[in-house]
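The next block holds one structure in the form of structure tokens; read it before the comments.
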There are 2 protein chains.
Amino acid sequence: MRIGQLARSVGVDTQTVRFYEREGLLPPPDRQDNGYRVYTERHVERLAFIRRCRILELSLAEIHELQRYQTAPHQPCRAINTLLDDHITHVRSRITDLQVLEKQLVSLRASCNDDREIEACGVLDGLSEGNMQQ
Amino acid sequence: MRIGQLARSVGVDTQTVRFYEREGLLPPPDRQDNGYRVYTERHVERLAFIRRCRILELSLAEIHELQRYQTAPHQPCRAINTLLDDHITHVRSRITDLQVLEKQLVSLRASCNDDREIEACGVLDGLSEGNMQQ
DNA sequence: TAAAACCATATAGTCACTATAAGGTCAATA
DNA sequence: TATTGACCTTATAGTGACTATATGGTTTTA
């Protein structure tokens, strides 16, 4: 299978596939005589793994770490669970941050309506004066 | 006032101040004979405005747009409100995405405990098998 | 046979900084 | 006086995860 078919089958761009290879996330495949990359089912699985991790917004470094664990099947899996726990913590903290942000934005928005001149705009005023509760 | 004092007074790095100048967000200040930048109160206000916008996670492009509006004080301010509404929409949609993500991660995490071998790790298994509900 | 679709590499751009290198300026101290 | 330290300058590269572009070779299809 060539790079286009691999990419389509997993739903990424061919550029992204080459990028993952450069980053060491996807093993370099064999080449045809013309230099074209030839992929196997193993590559499809490996790329699909990366894609699923990315959908969960794991970083490439975290995916790398997971791949390293896969090469030591008889080690305890605590590190994997920890990695996921840390990621969950990260996601939750980002949600909290954004919820605070949303409140601030909504409150700022409430300080104006559409029928003013820019000079009197409550939003611009709120951004200009320092009465923001950090 | 020199760049260090300006930066400290607003809580950013001097590099960031120069970066904003290059990006056209902060007007180029006068220079001393030795080439040092000299800032005024106006610059402090301008930088503080940028900083407050950044705390609300407005992009530099959006901040630029707001600054353009400021130069036309008698135009109606609807565009400003719209910019903020769009940003609120963006933040809300990101929150929703992350909440979905969190559920998926927690469910994945529940499929394992710390006492297994990597080979049998529920988390790794969940990432490897394609039974993810997108 | 020619066009379309595919493949290759290399390089630059995105965003908002942050880090590093290499050097000039200035005031206070040894 | 020399030197240390804190400041300032510019230029360039790195971050993360791609995405876009340029340039050219190969294969497939009409």
Side-chain angles (χ1 to χ4, degrees), chain A residues 1-26 28-40 43 46-67 83 86-87 90-91 94 97-98 101, chain B residues 1-26 28-39 43 46-67 86-87 90-91 94 97-98 101:
Chain A
M1 164 188 341
R2 295 190 312 198
I3 196 169
Q5 197 186 337
L6 171 69
R8 265 190 308 278
S9 78
V10 175
V12 300
D13 195 273
T14 54
Q15 300 255 67
T16 304
V17 175
R18 291 190 200 99
F19 170 73
Y20 288 156
E21 181 182 331
R22 275 203 304 283
E23 295 293 302
L25 286 168
L26 204 57
D30 289 343
R31 301 281 185 137
Q32 290 177 353
D33 292 347
N34 57 16
Y36 286 14
R37 291 169 175 82
V38 190
Y39 293 97
T40 65
H43 287 97
R46 188 89 171 247
L47 182 56
F49 177 83
I50 297 170
R51 176 103 175 104
R52 281 190 289 270
C53 290
R54 288 297 299 138
I55 286 172
L56 296 174
E57 300 193 16
L58 292 165
S59 69
L60 299 193
E62 287 167 328
I63 297 171
H64 226 109
E65 202 178 328
L66 289 175
Q67 288 184 345
L83 188 155
D86 290 349
H87 187 52
H90 168 75
V91 169
R94 183 65 182 143
D97 289 351
L98 286 177
L101 203 56
Chain B
M1 160 188 341
R2 295 189 312 200
I3 197 168
Q5 199 188 335
L6 171 69
R8 264 190 310 278
S9 79
V10 175
V12 302
D13 195 273
T14 55
Q15 300 254 66
T16 304
V17 175
R18 291 190 200 99
F19 170 72
Y20 288 155
E21 181 182 330
R22 275 202 304 284
E23 295 293 302
L25 286 168
L26 204 57
D30 288 344
R31 301 281 184 136
Q32 290 177 354
D33 291 348
N34 57 17
Y36 287 15
R37 291 170 176 82
V38 190
Y39 293 98
H43 288 98
R46 189 86 172 250
L47 182 57
F49 177 84
I50 297 171
R51 176 107 174 100
R52 281 190 288 270
C53 290
R54 288 296 301 138
I55 286 171
L56 297 174
E57 299 194 17
L58 292 165
S59 69
L60 299 193
E62 286 168 328
I63 298 171
H64 226 110
E65 203 177 328
L66 289 175
Q67 289 184 345
D86 289 351
H87 188 53
H90 168 74
V91 169
R94 183 66 183 143
D97 289 352
L98 286 177
L101 202 56

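Naming convention: chains lettered A, B, ... in sequence-line order (proteins, then strands); numbering from 1 in each chain. Only this structure's heavy atoms are used, side chains among them; waters, hydrogens and symmetry mates stay out.
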Review point. How long is the line joining CD1 of I63(A) and P of dA17(D), in whole Å?
Key: 8 Å
Check your understanding: Where the side chain of R51(B) meets the backbone of V10(B), is there a donor-acceptor pair that is under 3.5 Å apart?
Key -> yes
Point to revise | Protein-nucleotide distance (L26(B), atom CG; dC17(C), atom P), rounded to Å | key: 13 Å
Point to revise | Of Q15(B) and L58(B), the one whose closest DNA chain C nucleotide lies more 5' | key: L58(B)
**Study point:** Rounded interatomic separation in angstrom, taking CZ from R8(B) and C1' from dA6(D)
**Key:** 10 Å
Exercise for review: Would you please confirm or rule out a distance under 4.0 Å between OP1 or OP2 of dT19(D) and any side-chain N or O of T16(A)?
Suggested key: yes
Practice item. Classify the nucleic acid contact of R31(B) as base, sugar-phosphate or nothing, counting any heavy atom under 4.0 Å across all strands shown. Key: sugar-phosphate
**Study point:** Separation of atom CZ in R54(A) from atom C1' in dC18(D), rounded to whole Å
**Key:** 9 Å
Study note, to complete from the structure: Note: for F19(A) and N34(A) on DNA chain D, the residue whose nearest nucleotide lies more 5' is F19(A)
**Study point:** Donor-acceptor under 3.5 Å (H43(A) side chain, M1(A) main chain)
**Key:** no
Review point. In whole angstrom, what separates L25(A)'s CG from dG16(D)'s C1'?
Key: 12 Å
Point to revise | Worked verdict on F19(A) versus V12(A) for side chain to side chain contact (heavy atoms under 4.5 Å, CB included) | key: CA-CA 11 Å; F19(A) 170 73; V12(A) 300; over 6 Å; no
Check your understanding: In this structure, are over 12 heavy atoms from other groups packed under 6.0 Å from N34(A) atom CG?
Key -> yes
Review point. Expressed in angstrom and rounded to an integer, what is the separation of R37(B) atom CZ from dG24(C) atom P?
Key: 18 Å
Check your understanding: Does any N or O in the side chain of R54(A) come within less than 3.5 Å of the main-chain N or O of L58(A), such that one atom is a donor and the other an acceptor?
Key -> yes
**Study point:** Between C1' of dC7(D) and CD of Q32(B), the distance in whole Å
**Key:** 11 Å
Exercise for review: Output the distance between atom CZ (R94(A)) and atom CG (L101(B)), rounded to the nearest 0.5 Å.
Suggested key: 12.5 Å
Practice item. In whole angstrom, give the distance that lies between atom CZ of R18(B) and atom C1' of dT10(D). Key: 9 Å
Exercise for review: Rounded to 10°, tell me the angle between the two end axes of the helix from dT1(C)-dA30(D) to dA30(C)-dT1(D), each built from five pairs.
Suggested key: 30°
Point to revise | Short side-chain to backbone donor-acceptor contact, E62(A) and L83(A), under 3.5 Å | key: no
Point to revise | Y36(A) or R22(A), whichever maps to the more 5' nucleotide of DNA chain C | key: Y36(A)
